[in-house]
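Naming: A, B, ... by sequence-line order, numbering from 1 per chain. In this text, all values refer to a predicted model and were calculated from it rather than measured experimentally.
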Amino acid sequence: MRLEVMNGGKAGNSVTTASASNSSNISKLNGFNNKQFDGIKLDKDFIANLPVRLVEDEVLKVIKENEVCIIIGETGSGKSTQIPQICLDAGLHKCPTTGVEKKIIVTQPRRIAASALAKRVASERNVKTGTEVGFKFRFENVTSNETKLIYATDGILLADAMKDPFLTDYSMVIIDEAHERGLSSDTLLMILKILNRKKEKIGNELSLRIVIMSATVEAEKFSKFFNNAKIFAIEGRTYETKLFYLSRPNLQEGNMVSMCVDCVLQLDKEEPVEHDFLVFLPGFEEINSAVKLTAQRSKEKGLTLIAFPLYASLSLARQAQIYQKQSKLRKVIYATNIAETSITIPGIRVVIDSGKVRQKEFVHDLKYDKLVTVNVSQAQAMQRAGRAGRENAGKCYRLYSLEEYNKMLKMPVPEVLRSNLTSVILTFLKIGMKQTKSMSWLDSPSKDKIMAAMRQLKEYDLITKLPDKGYACSERGNIVSEFPIDPVLCLLLFKAEKNRCLVEAITILAFLSSDPVFTNDSGDLEDKKADEARRKFSCNEGDLARMLSIYSFYKSFKKNKNTSLKGDLHRYGLNEVRLGTVFKVRKQINTLCLNLQLKMESCGQDLLPLRKSVAEAWPYNLCLFDPEINGYRLASDKKTICKVHPTSCLAGVRAHAIVFSSMMETTERYAKDVTLVDPSWFKHIS
DNA sequence: GAGCACTGC
């Protein structure tokens, strides 16, 4: 056991301490929420003394004189709240050439940041949110005709760009948190670069200012991408976090949970009881066993520890527990990377970092996602460390050595290198690009990956070859790209309309493009309850049919206002928030279908037309049962084998032929959201 | 027999 070396530096040079502060090479990847602002006084002095306000004139000069610029601002510099205001006050919401009033848009990777920043800025300016300053994301639009400054998610601006690639509504676009390298912010930057190039050609100079706000490490890359754009750095105000490392590399890979718990128990002896702990683990399974183990050990030793799990699929009630005040108990929260940026927990003074994260990787040749556990990047490790107290000095215990830290990637692998590219490429063809060759990427995926995506788009008739050179969206591709859905999944709409079951297909697509609706609360009891719930809605025709029955259940409860919807959903193991989202997504897809004047027909209780539509829409997802392996083989590629996911209605059924909506590799390769089909519907696939 | 986190036209 190596944990004794972490005893606050007493073990001499076996302990390495470093400071995670100031102008270190990595800044914190900040995500705001309302709670974080609670402790910050909203007075004029505070704002006037923000680092960015001290260099206000210089910032403005750089922005005014450069069509594109990159601003590096560490946490606490006030860049996200102040720079947009500085621009607004300088009249940069007006078109520089014509003087026409336009808008400034600031994009954020997360909704919670977009709304919190808008509210904060509105209150600094003494205006109501939604008037001069507003925010916008899917299902929420708090802006009006008078709004000049919009905080939006990057997905919103991307959607705008697809309708109007010249972004004529805006005089200025600020891409915040660009270093996070999300799929939509990368895509946006690529579009902005094309736009910038096109503008030069037509001589419409300076019609759109572009500001990229990023952490230091990625600034050079953005600068080069935009033709050596000017970089402007603003100092931040950061607090000290003491870092502790293991003295030797950790070689016991399977021991992550017990190491974390041991660390908690040891630090419990050293830290004042009011200092809460936050432990980062890669996923659900590790978190549940850590919570159990902590409770068990705490009971054995008579300690005053109380452990909570925190991950996204936890019910709202369980998530809320972490905020309960514990006067005489120490809170220990075991969390996924949801606690890195999305959720801020007050009172945390000690962070324990396993150094691992679970993430999706796309397998391009077989076109499915794989869930893998990997080392965090140095930037993520710093972000995790920074969660130990915002105003007080915190401590972070890293369950890896400094050598291991130094070997970690500086930044996480950009999402574009880990994702299915069909959607991104379709976006580019939609805005009028003709060749993938001429796309310039911040980090280019390999040619193979691009070709694989192009092949799939051709396979499903979403793109067509142009007579001269290159490709364009097909008629279908044009329609599909207007839906907020994976292009291949979206094809179900066309088949369903033909087979007169569009109403059902819309519901199914709403489920398929939302998070799973079954709650995932930890504990044996809850696990049994979730299984029971899944059985209750189980359908012989498969999981898509189950979605329809869950949907009608939800609708009937929603109608009947006398019953307590929340309690009932919980009783049936359903997550009310996620089901609510499905409802909203359904409505959105429905509206789009109505606009396209598709025939809105229902097949009622007979699901045969729907199953046929599924078979016609995704013929490449046909799997046939092979008794020899007690599993399935992909009909279009017989060497690819998979199992039906255990949460499926058809798990263990040994159905002869199924079609999946998605495939995912975790411990094994699983077909998910499967539908029972008849192989005779697929004569063309042997 | 099993579930990283975000985001959208």
Side-chain angles (χ1 to χ4, degrees), chain A residues 29 31 107-114 136-140 152-164 177 180-188 280-288 309-314 335-343 354 356-361 369-374 376 380 383 412 415 418-419 423-424 426-427 430-431 478-487 490 513-522 526-528 530-531 534 575 581 584-585 588-589 591-592 595-596 643-648 651-652 664-668 670 672:
Chain A
L29 320 174
T107 71
Q108 294 294 324
R110 282 167 291 279
R111 298 172 172 200
I112 194 153
K136 196 176 167 189
F137 46 79
R138 196 185 196 184
F139 308 126
E140 194 133 20
T153 50
D154 34 33
I156 286 288
L157 186 59
L158 186 54
D160 284 349
M162 282 183 75
K163 284 191 213 134
D164 170 22
E177 312 286 8
E180 290 193 17
R181 305 295 311 277
L183 201 50
S184 11
S185 82
D186 264 24
T187 312
L188 263 176
F280 284 100
L281 280 164
F284 175 90
E285 220 172 0
E286 292 89 349
I287 288 169
N288 281 342
L310 178 62
Y311 45 83
S313 59
L314 209 58
T336 59
N337 55 357
I338 193 171
E340 258 174 36
T341 48
S342 304
I343 292 179
S354 67
K356 300 283 179 189
V357 65
R358 200 153 286 142
Q359 64 183 20
K360 257 190 203 166
E361 265 171 28
D369 280 315
K370 207 174 167 175
L371 206 48
V372 291
T373 310
V374 296
V376 296
Q380 275 175 296
Q383 174 66 14
E415 204 183 354
R418 299 186 282 113
S419 304
S423 201
V424 177
L426 203 59
T427 301
K430 171 87 176 172
I431 63 160
N478 262 316
I479 298 172
V480 158
S481 63
E482 297 196 0
F483 281 78
I485 302 176
D486 176 280
C490 199
S513 49
S514 307
D515 292 322
V517 293
F518 286 107
T519 47
N520 231 347
D521 286 1
S522 55
E526 281 91 343
D527 273 4
K528 271 191 200 138
D531 282 349
R534 275 189 281 265
N575 184 315
T581 309
K584 283 193 266 186
V585 173
Q588 191 183 25
I589 300 171
T591 305
L592 286 164
N595 289 346
L596 287 168
K643 287 188 173 169
V644 172
H645 196 271
T647 56
S648 165
M664 169 95 130
E665 188 179 317
T666 51
T667 49
E668 286 193 73
Y670 289 113
K672 295 178 86 172

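- Formation of a donor-acceptor pair under 3.5 Å by the A:Arg181 side chain with backbone atoms of A:Asp186 is not found in this model.
- The residue A:Ser513 sits apart from the nucleic acid: no heavy atom pair falls under 4.0 Å.
- At whole-Å resolution of the value, CD in A:Glu668 and P in B:dG1 are 9 Å apart.
- For A:Glu415 and B:dT7, the CD to C1' distance is 8 Å, given to the nearest whole Å.
- Nucleotide B:dG3 holds its P atom 8 Å from the CZ atom of A:Arg358, rounded to whole Å.
- Using a 4.0 Å heavy-atom distance criterion, A:Tyr670 is classed as a sugar-phosphate-only contact.
- Between the A:Ser354 side chain and the A:Phe280 main chain, a donor and an acceptor come within less than 3.5 Å of each other.
- In this structure, A:Lys370 atom NZ and B:dG3 atom P are separated by 14 Å, rounded to whole Å.
- Using a 4.0 Å heavy-atom distance criterion, A:Leu371 is classed as a base contact.
- Rounded to whole Å, atom C1' of B:dG1 lies 11 Å from atom CD of A:Glu285.
- Atom-to-atom, CD of A:Glu286 to C1' of B:dA2 comes out at 13 Å; the value is rounded to the nearest Å.
- The shortest distance between side-chain heavy atoms of A:Phe518 and A:Thr647 does not fall below 4.5 Å.
- B:dA5 atom P lies 13 Å from atom CZ of A:Arg418, rounded to whole Å.
- No engagement by A:Ser313 is indicated, since no non-hydrogen atom pair under 4.0 Å with the nucleic acid exists.
- Distances shown here put every side-chain N or O of A:Thr341 at or beyond 4.0 Å from the OP1 or OP2 atom of B:dA5.
- A:Leu158 comes within 4.0 angstrom of nothing in the nucleic acid, heavy atoms only.
- Residue A:Thr373 is out of contact with every strand shown, counting any heavy-atom pair closer than 4.0 Å.
- Across all strands, A:Leu183 comes closer than 4.0 Å to no nucleic acid atom at all (heavy-atom distances).
- Residues A:Met162 and A:Ile431 share a closest heavy-atom pair of CA-CG2, 4.0 Å.
- Candidate nucleotides B:dA2, B:dG8, B:dA5 were compared by shortest atom distance to the side chain of A:Pro646, and B:dA2 ranks first.
- Once rounded to the nearest 0.5 Å, the distance linking NZ of A:Lys163 with NZ of A:Lys430 reads 10.0 Å.
- For A:Phe137, the listed nucleotide lying nearest its side chain is B:dG8; candidates were B:dT7, B:dG8, B:dC4.
- Counting any heavy atom pair closer than 4.0 Å across all strands shown, A:Thr153 reaches sugar-phosphate atoms only and no base atom.
- Nucleic acid contact class of A:Gln588 (heavy atoms, under 4.0 Å, all strands): sugar-phosphate only.
- Take the nearest nucleotide of DNA chain B for A:Asn337 and for A:Ile479: the residue whose nucleotide is more 5' is A:Asn337.
- In this structure, A:His645 does not reach the B:dG1 phosphate: none of its side-chain N or O atoms is under 4.0 Å from OP1 or OP2.
- Side-chain contact check for A:Leu592 versus A:Pro484: some heavy-atom pair is nearer than 4.5 Å.
- Among B:dA2, B:dC4, B:dT7, the nucleotide with an atom closest to any side-chain atom of A:Arg110 is B:dT7.
- Residue A:Glu340 contributes atom CD, which lies 11 Å from atom P of B:dA5 at whole-angstrom precision.
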